[in-house]
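Below is one structure; the comments refer to it alone.
We're numbering straight along the sequence, starting at 1. Just so it is clear, the structure is predicted and the values come from calculations on it, not from any experiment.
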Amino acid sequence: MSVSWWVWAALMLAVAAMLAVDLFLHRDNHVIGFREAAVWSGIWIAAGLLFGVILWAWQGGDVAGTYYAGYLIEKALSIDNVFVFALIFTYFAVPASVQHKVLFWGVIGALIFRLVFIFVGAELLETFFWTAYVFGAFLIYTGYKMAFRHDEQTEPDRNPVVRLVRKVIPTDANYHGDRFFTRIDGKRVATLLFVVLIAVEATDLIFAIDSVAAILAITTSTFIVWTANAFAILGLRSLYFCLAGLLRRFVHLHYGLAVLLAFAGVKLILSETPVGKLPIPVTLGVIVVTIAVSIVWSLRDTRGLGTEPDDGTTTADGDTVLHVGTAGSGTDNPTPSSGTGSPRS
């Protein structure tokens with residue numbers, strides 16, 4: 001699919017405008033409640049689905065179907081991002097009022113990472129046919145790890161990138177409102193919030209490799225791959241605040257995501273064999289059924305569990321506020337958990 005430069009420019013401006021609106025509406029760093037998150041999730045999902053309709057009218061059903069397949073697999077994989085974000089916010093005891101700001105700038109980084117990976121990955125697949133086998137094997141192995149080694153967790157503070165930043169940039173061990181940098185004794189230092197942002201960005205860098213490889217198994221059209229990624233990622237912040245209270249009920253979701261990654265790997269390998277690329281309706285069917293089964297399976301096996309986090313509160317208008325990862329004291333300068341060997345719960 002060949003796309004003119006002005007279409008790319010219009011798309012970038014549209015994404016920038018949506019991000020600007022989101023940033024403007026959350027400039028006061030208020031705590032995101034479930035109701036507000038649900039409304040914004042609906043808006044972002046509607047935007048993603050509407051773009052598919054535009055593609056259908058512009059390029060036809062095959063292109064739209066390819067986009068929807070990529071969008072669905074990226075949306076499903078983004079749920080695993082939510083689990084990790086919850087872990088990071090809990091470990092560092094991030095105040096609820098600034099979580100949206102961290103996720104906003106995290107999304108900006110995610111869009112940039114994916115744009116680079118998409119062009120590099122698509123070029124490799126178009127130039128060297130054997131890279132399909134490499135990417136395919138990588139996805140199958142990643143699916144195996146997700147299915148059977150999903151419980152292995154590394155403390156965010158031990159992430160090599162986070163440790164490097166703390167060595168290179170003078171860092172204060174406290175939060176200072178919503179600031180990433182502040183001045184202490186006349187010296188400019190990074191705040192703990194900046195360390196959290198780096199942890200989120202470093203984690204998403206790893207997720208970007210998996211997700212981009214998975215969607216490249218569906219199509220190597222950079223326009224389709226990036227738009228599917230962009231619309232899935234744009235709603236990631238709202239999705240986090242929507243699902244934070246449901247995370248403990250998605251106990252089997254990682255099996256579904258593992259199947260999707262392995263399926264994408266097999267699909268990528270088959271594309272360079274006499275079998276060729278699998279039809280888009282088959283791909284869409286596998287994605288929808290796999291996600292639905294893993295979610296229904298999870299919800300059925302956790303019917304006795306509540307859907308809200310233990311430290312949630314309810315506002316006067318009945319809107320539940322999610323405090324995932326917040327310090328119990330309610331102060332603005334909590335300190336992260338010390339090296340106890342596991343994140344706080």
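Smallest separation of non-hydrogen atoms from Ile215 and Ala228: CD1-CB, 3.4 Å. Of all heavy-atom pairs spanning Ile269 and Ala137, the tightest one is CD1-N, 4.1 Å. Across all non-hydrogen atoms, the minimal contact from Arg114 to Ala208 is NH1-CB, 3.6 Å. When all heavy atoms of Ile291 and Ser294 are compared, the pair lying nearest together is O-OG, 2.9 Å. Closest non-hydrogen pair, Gln99 versus Val94, comes out as NE2-O, 3.2 Å. Considering all non-hydrogen atoms of both residues, Gly143 and Ala258 come closest at O-CB, 3.1 Å.
Proximity of a side-chain donor or acceptor of Thr66 to a complementary backbone N or O of Ala64 within less than 3.5 Å is not detected. Checked by atom type and distance alone, the side chain of Lys101 pairs as donor or acceptor with a backbone atom of Asp178 at under 3.5 Å. In this structure, the side chain of Lys267 engages the main chain of Ala217 through a donor-acceptor pair within 3.5 Å. Not a single donor-acceptor pair under 3.5 Å links the side chain of Thr171 to the backbone N or O of Ala190. Of the possible polar contacts, none joining the Asp185 side chain to the Lys187 backbone as a donor-acceptor pair under 3.5 Å is found. Judged purely by atom type and a 3.5 angstrom limit, His100 has no side-chain atom pairing as donor or acceptor with the backbone of Ser97. Remark: side-chain polar atoms of Arg166 are not paired, donor with acceptor, to backbone N or O of Arg163 under 3.5 angstrom. In this structure, the side chain of Glu272 does not engage the main chain of Tyr133 through any donor-acceptor pair within 3.5 Å. Checked by atom type and distance alone, the side chain of Arg183 pairs as donor or acceptor with a backbone atom of Gly186 at under 3.5 Å. A distance-only check finds no donor-acceptor pair linking the side chain of Asp204 to the backbone of Val200 [under 3.5 Å].
Here the CD1-CD1 distance, from Ile73 to Ile287, works out to 4.5 Å after rounding to the nearest 0.5 Å. With rounding to the nearest 0.5 Å, the separation of NE2 in His252 from CG in Leu257 is 13.5 Å. Atoms CG and CD1, on Leu205 and Ile198 in that order, are 11.0 Å from each other to the nearest 0.5 Å. A distance of 10.5 Å separates CG of Leu77 from OG1 of Thr142, quoted to the nearest 0.5 Å. Atom CG of Leu124 sits about 9.5 Å away from atom CG of Leu216, to the nearest 0.5 Å. A distance of 9.0 Å separates CD1 in Ile108 from CD in Glu201, rounded to the nearest 0.5 Å.
With contacts defined as side-chain heavy-atom distances shorter than 4.5 Å, the pair Leu239/Val82 qualifies. A heavy-atom distance below 4.5 Å is found between the side chains of Leu49 and Tyr68. Put simply, the side chain of Leu111 reaches to within 4.5 Å of the side chain of Leu19, judged on heavy atoms. Residues Trp226 and Val15 have side chains in contact (heavy-atom distance under 4.5 Å, counting atoms from C-beta outward). Side-chain contact between Val212 and Phe113 is absent, with no heavy atoms from C-beta onward closer than 4.5 Å. Residues Thr220 and Glu126 meet the side-chain proximity criterion, which asks for heavy atoms closer than 4.5 Å. Counting heavy atoms from C-beta outward, Phe85 and Leu236 have side chains that approach closer than 4.5 Å. Residues Ile218 and Ile280 form a side-chain contact, since some pair of their non-hydrogen atoms from C-beta on lies under 4.5 Å apart.
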Leu139 vs Phe263, side chain to side chain contact (heavy atoms under 4.5 Å, CB included): CA-CA, chis, key distance, verdict | CA-CA 8 Å; Leu139 287 170; Phe263 171 72; over 6 Å; no

Residue pair Ile184, His176: steps toward the side chain to side chain contact (heavy atoms under 4.5 Å, CB included) verdict | CA-CA 11 Å; Ile184 298 179; His176 295 264; 4.2 Å; yes

Could you give me the CA-CA distance, side-chain angles and deciding distance for Phe89 and Tyr240, then say whether ring pair (Phe, Tyr, Trp, His ring centres under 6.0 Å) is met?
-> CA-CA 11 Å; Phe89 287 166; Tyr240 168 79; 5.4 Å; yes

Verdict with supporting geometry, Tyr255 and Trp297, ring pair (Phe, Tyr, Trp, His ring centres under 6.0 Å) = CA-CA 10 Å; Tyr255 290 120; Trp297 181 23; 5.8 Å; yes

Before giving the answer on side chain to side chain contact (heavy atoms under 4.5 Å, CB included), spell out for Thr191 and Phe181 the whole-Å C-alpha distance, their side-chain angles and the decisive distance to 0.1 Å.
-> CA-CA 5 Å; Thr191 67; Phe181 292 90; 5.6 Å; no

Would Phe119 and Trp8 satisfy ring pair (Phe, Tyr, Trp, His ring centres under 6.0 Å), going step by step from the backbone distance to the final call?
-> CA-CA 13 Å; Phe119 277 96; Trp8 275 100; 5.8 Å; yes

Given side chain to side chain contact (heavy atoms under 4.5 Å, CB included), test Ile140 with Leu261 step by step and report yes or no.
-> CA-CA 6 Å; Ile140 293 172; Leu261 287 173; over 6 Å; no

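The same ILVMFWY cluster, assembled from side-chain heavy atoms under 4.5 Å apart, contains both Val84 and Ile233. Both Trp5 and Met12 are assigned to one and the same hydrophobic cluster, defined by single-linkage of ILVMFWY side chains at heavy-atom distances under 4.5 Å. Under the 4.5 Å side-chain contact rule for hydrophobic residues, Val116 and Val225 share a cluster. The cluster map of Ile, Leu, Val, Met, Phe, Trp and Tyr, joined by side-chain heavy atoms under 4.5 Å apart, puts Leu253 and Val259 in different clusters. Cluster membership check: Trp40 shares its hydrophobic cluster with Phe104, using side-chain heavy-atom separations under 4.5 Å among Ile, Leu, Val, Met, Phe, Trp and Tyr.
A cation-pi arrangement is not found for Lys75 relative to Phe231, the charged atom failing to lie both closer than 6.0 Å to the ring centre and inside a 45° cone about the ring normal.
By the 30° and 60° cut-offs, the orientation of the rings of Phe223 relative to Trp58 is perpendicular.
Shown here is Asp62, whose CG atom has no more than 12 heavy atoms of other residues, nucleotides or ligands within 6.0 Å.
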